[in-house]
Amino acid sequence: MATDLEISRNAALRPLTSLAADMGIGDHLVEPYGRYAAKISLDAIDELADRPRARYVVVSSLTPTPLGEGKTTTTVGLGQGFAHLGQRAVIAIRQSSMGPTFGIKGGAAGGGYSQVVPMESVNLHLTGDLHAVTSAHNLLAAMLDNHLHKGNALDIDPFAITWRRVLDVNDRDLRQIVTGLGGRSDGLPRQTGFDITAASEVMAVLALARSLPDLRARLGRIVVAYDRGGAPVTAEQLRAAGAMCVQLREALKPNLMQTTEQTPVLVHCGPFGNIAHGNSSVVADLIGIRGGDYLITEAGFGADMGAERFCNIKCRVSGLVPDAAVVVATVRALKAHSGRHRVVAGRPLPEEMLAENPDDVYAGAANLRRQLANIRAHGITPVVAVNAFPSDFDSEKQAIVDIAAEEGARAAVSTHVAKGGKGAAELAEAVAEACAEPSEFRFLYPDELPLAEKIETVARRMYGADGIELSPQARRQLADYERCGFGRLPVCIAKTHLSLSADPSRKGAPTGWLLPVREVRASVGAGFIYPICGDMRTMPGLSSHPAAEHIDIDEAGQVVGLS
Ligand SMILES: Nc1ncnc2c1ncn2[C@@H]1O[C@H](COP(=O)(O)OP(=O)(O)O)[C@@H](O)[C@H]1O
Ligand SMILES: O=COP(=O)(O)O
Ligand SMILES: [Mg+2]
């Protein structure tokens with residue numbers, strides 16, 4: 001099969017105004033950025049409000065291997081599958097971070113004949129939204145340090161500063177740094193560090209804002225530090241929120257693109273369903289929900305991660321509720337969950353893993369069963385998408401279908417990477433049936449539940465933990481946040497995406513463990529409390545041979561090696 005880049009480059013593309021018109025979006029709302037991407041004015045939310053509401057489908061997965069199990073490809077493939085059946089579908093995904101693009105995992109534009117194109121745009125700069133987030137985040141950091149340098153009128157406790165800096169790159173050497181070195185005119189020395197841009201609270205604010213005024217208000221509520229009396233200090237108090245909002249004004253508009261088969265895609269906000277909330281933007285969905293018969297949106301990593309945040313954070317803000325969920329499963333992931341095989345990023349699958357072995361697939365079933373239960377815990381009907389790889393045997397794919405049947409869930413083998421929308425037609429039919437069933441969507445916990453109990457509820461119900469273990473620091477921080485009036489916020493738990501537990505090496509559905517909560521941050525602008533569990537890092541590092549080593553420009557000036 002041709003490479004992703006070759007397929008992407010050879011795709012026939014439609015003018016974006018024509019795609020927009022099919023969604024009911026008039027030319028006056030389309031702001032082209034070149035030929036292959038356009039910003040959509042937020043006026044579209046009101047202008048489309050009277051159009052029929054689409055069926056809303058969230059795409060999740062079982063706990064993935066480090067390679068990813070195909071949620072993005074399946075999201076794109078399913079949208080094309082509906083189009084293949086004559087249904088009008090809109091896809092909503094996140095923009096790739098250049099961290100993974102040049103790091104371990106590669107891009108996030110889908111794959112094969114189910115890609116968002118041009119994939120170079122999605123996987124590089126697109127329309128500059130991630131750079132805008134980086135600039136706004138770091139402007140706030142600079143104004144915070146400047147406030148300290150200029151006399152600290154807000155009496156900020158220099159040892160209670162929670163705001164770091166961000167950059168869209170994997171760079172472990174920036175995790176812990178000292179700023180302000182030099183002399184008296186070079187600022188005040190203090191220890192801080194960088195996170196990757198996708199983990200910025202500004203990114204979450206952009207993804208959860210419902211309008212420009214809401215964005216401005218949320219930015220003002222961002223807490224960057226605490227004063228010596230323990231009171232929170234906000235971006236508004238530093239007078240930074242207005243300038244930040246100006247920097248983000250264009251970035252708040254979602255980006256319209258298309259797939260290899262000309263299905264419309266709204267690409268907006270950043271990835272990472274482990275150290276961030278892992279979902280595309282509310283405004284993109286508020287537009288997309290009126291743009292066709294189906295809106296299909298991807299939630300990062302497994303159902304215990306992105307889908308849980310989709311339900312308990314994103315839907316709380318958008319007011320939209322899903323009609324069905326797709327849980328992507330693969331032969332390789334289930335074999336890994338059997339505990340008999342190990343998948344390492346950057347390395348080919350072990351030979352023995354590629355041998356036909358439906359028993360090993362079946363032995364990993366516990367994880368898929370738990371993730372199906374996680375979807376159902378929110379009152380949503382799941383459909384299992386067996387994302388077929390060329391190396392899979394029919395007996396192995398059938399094992400996944402059998403597991404789904406035992407759990408009373410529909411399943412469809414999907415070949416959307418190899419065959420595009422035609423390969424996802426059966427999946428689209430199964431999803432349409434699931435959407436037609438009555439569903440009673442529900443949050444996992446009420447707003448008024450105390451924060452510690454919200455964390456415990458997610459740990460027990462989603463991860464299968466026996467409970468949580470709060471460090472003394474985490475206990476103090478939760479008490480502070482309750483005292484500051486943040487207690488009604490939902491929780492966005494940062495833990496490894498490679499296990500239901502906090503230990504990436506534990507596969508399947510681990511039991512008999514406690515969720516270790518190391519520290520808790522308050523993302524008050526985004527509107528969630530952010531417990532950090534286990535050895536989670538908010539700035540990834542590069543591997544021994546990062547993807548960057550194989551990315552280049554050829555003699556014709558074309559990009560090569562991007563995947
Ligand atoms: N059916 C498939 N056949 C071949 N490669 C696939 C298939 N599904 C996914 N991939 C590849 O696996 C990687 C992860 O896919 P992606 O859709 O990004 O997963 P996720 O969104 O779950 O992380 C990508 O490089 C993608 O091209
Ligand atoms: O947030 C993570 O997204 P993927 O699972 O698509 O890599
Ligand atoms: Mg993805």
Side-chain angles (χ1 to χ4, degrees), residues 1-5 7-8 58-79 91-97 99-101 103-116 119 122-123 196 198-199 203-204 207 259-260 265 267 269-280 296-310 314 326-333 343 345-346 348-349 371 385-392 397 400 413-420 423-424 427 492 494-498 540 547 561-563:
M1 189 162 95
T3 68
D4 289 355
L5 254 179
I7 294 168
S8 170
V58 60
V59 177
S60 183
S61 75
L62 76 178
T63 299
T65 70
L67 308 176
E69 301 322 307
K71 286 185 307 302
T72 304
T73 53
T74 303
T75 302
V76 175
L78 178 57
I91 294 160
I93 63 167
R94 294 150 300 155
Q95 182 180 344
S96 319
S97 158
T101 296
I104 298 175
K105 190 170 167 189
Y113 293 94
S114 291
Q115 291 188 68
V116 181
M119 63 98 88
V122 182
N123 290 329
I196 194 163
M203 180 68 84
T259 71
T260 26
V265 190
V267 184
C269 296
F272 298 167
N274 51 358
I275 55 175
H277 84 298
N279 283 273
S280 56
I296 305 134
T297 186
E298 177 194 8
F301 297 134
D304 58 317
M305 306 299 289
E308 186 276 312
R309 290 127 147 88
F310 169 84
K314 183 175 180 180
V326 171
V327 178
V328 176
T330 61
V331 165
R332 69 185 186 193
V343 175
L349 294 185
Q371 297 290 26
V386 183
N387 178 23
F389 280 70
S391 54
D392 297 342
K397 292 176 278 192
I400 304 176
V413 177
S414 189
T415 55
H416 51 273
V417 168
K419 298 179 182 168
L427 175 62
C492 179
K495 77 166 179 68
T496 179
H497 61 288
L498 297 173
L562 211 53
S563 65

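One-based numbering, in listed order, for ligands and for the atoms of each.
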About how many Å separate [atom2] of [Y] and [atom1] of [X], when rounded to the nearest 0.5 Å?
| X | Y | atom1 | atom2 | answer |
| --- | --- | --- | --- | --- |
| K314 | R309 | NZ | CZ | 13.5 Å |
| E69 | F389 | CD | CZ | 6.0 Å |
| R332 | T65 | CZ | OG1 | 4.5 Å |
| F272 | H497 | CZ | NE2 | 9.5 Å |
| I275 | F301 | CD1 | CZ | 8.0 Å |

Any protein N or O within less than 3.5 Å of an N or O in ligand 2? List each pair with its distance, or say none.
| from | atom 1 | to | atom 2 | distance (Å) |
| --- | --- | --- | --- | --- |
| ligand 2 | 1 (O) | R94 | NH1 | 2.8 |
| ligand 2 | 1 (O) | F272 | N | 2.9 |
| ligand 2 | 1 (O) | G273 | N | 2.7 |
| ligand 2 | 3 (O) | R94 | NH1 | 3.4 |
| ligand 2 | 3 (O) | R94 | NH2 | 3.1 |
| ligand 2 | 5 (O) | K71 | NZ | 2.6 |
| ligand 2 | 5 (O) | F301 | N | 2.7 |
| ligand 2 | 6 (O) | R94 | NH2 | 3.4 |
| ligand 2 | 6 (O) | E298 | OE2 | 2.7 |
| ligand 2 | 7 (O) | K105 | NZ | 2.4 |

Considering residues, nucleotides and ligands other than K419, do more than 12 of their heavy atoms fall under 6.0 Å from its NZ? no

Test item: M119 and D4 side chains (from C-beta on) under 4.5 Å apart, heavy atoms: yes

Sorted by chain and residue number, which protein N/O/S atoms are under 2.8 Å from the Mg ion (ligand 3)? T72 OG1, E298 OE2

Identify the protein atoms, limited to N or O, that lie within less than 3.5 Å of an N or O atom of ligand 1, and list each pair with its distance to 0.1 Å.
| from | atom 1 | to | atom 2 | distance (Å) |
| --- | --- | --- | --- | --- |
| ligand 1 | 1 (N) | N387 | OD1 | 2.9 |
| ligand 1 | 1 (N) | A388 | O | 2.9 |
| ligand 1 | 8 (N) | N387 | ND2 | 2.9 |
| ligand 1 | 17 (O) | T72 | N | 3.2 |
| ligand 1 | 17 (O) | T73 | N | 2.9 |
| ligand 1 | 17 (O) | T73 | OG1 | 3.3 |
| ligand 1 | 19 (O) | G70 | N | 3.0 |
| ligand 1 | 21 (O) | K71 | N | 3.4 |
| ligand 1 | 21 (O) | T72 | N | 2.9 |
| ligand 1 | 21 (O) | T72 | OG1 | 2.9 |
| ligand 1 | 21 (O) | E298 | OE2 | 3.0 |
| ligand 1 | 22 (O) | E69 | N | 3.4 |
| ligand 1 | 22 (O) | G70 | N | 3.1 |
| ligand 1 | 22 (O) | K71 | N | 2.8 |
| ligand 1 | 22 (O) | K71 | NZ | 2.8 |
| ligand 1 | 23 (O) | K105 | NZ | 2.4 |

Taking salt bridge (Lys or Arg N to Asp or Glu O under 4.0 Å) as the test, write out the residues that go with D304, two or more places apart. K495

Under 3.5 Å: donor-acceptor pair, side chain of S114, backbone of G111: no

Indicate whether any N or O donor in one side chain lies under 3.5 Å from an N or O acceptor in the other, for [X] and [Y].
| X | Y | result |
| --- | --- | --- |
| H416 | T74 | yes |
| N387 | T330 | no |
| Q115 | T260 | no |
| T297 | S280 | yes |

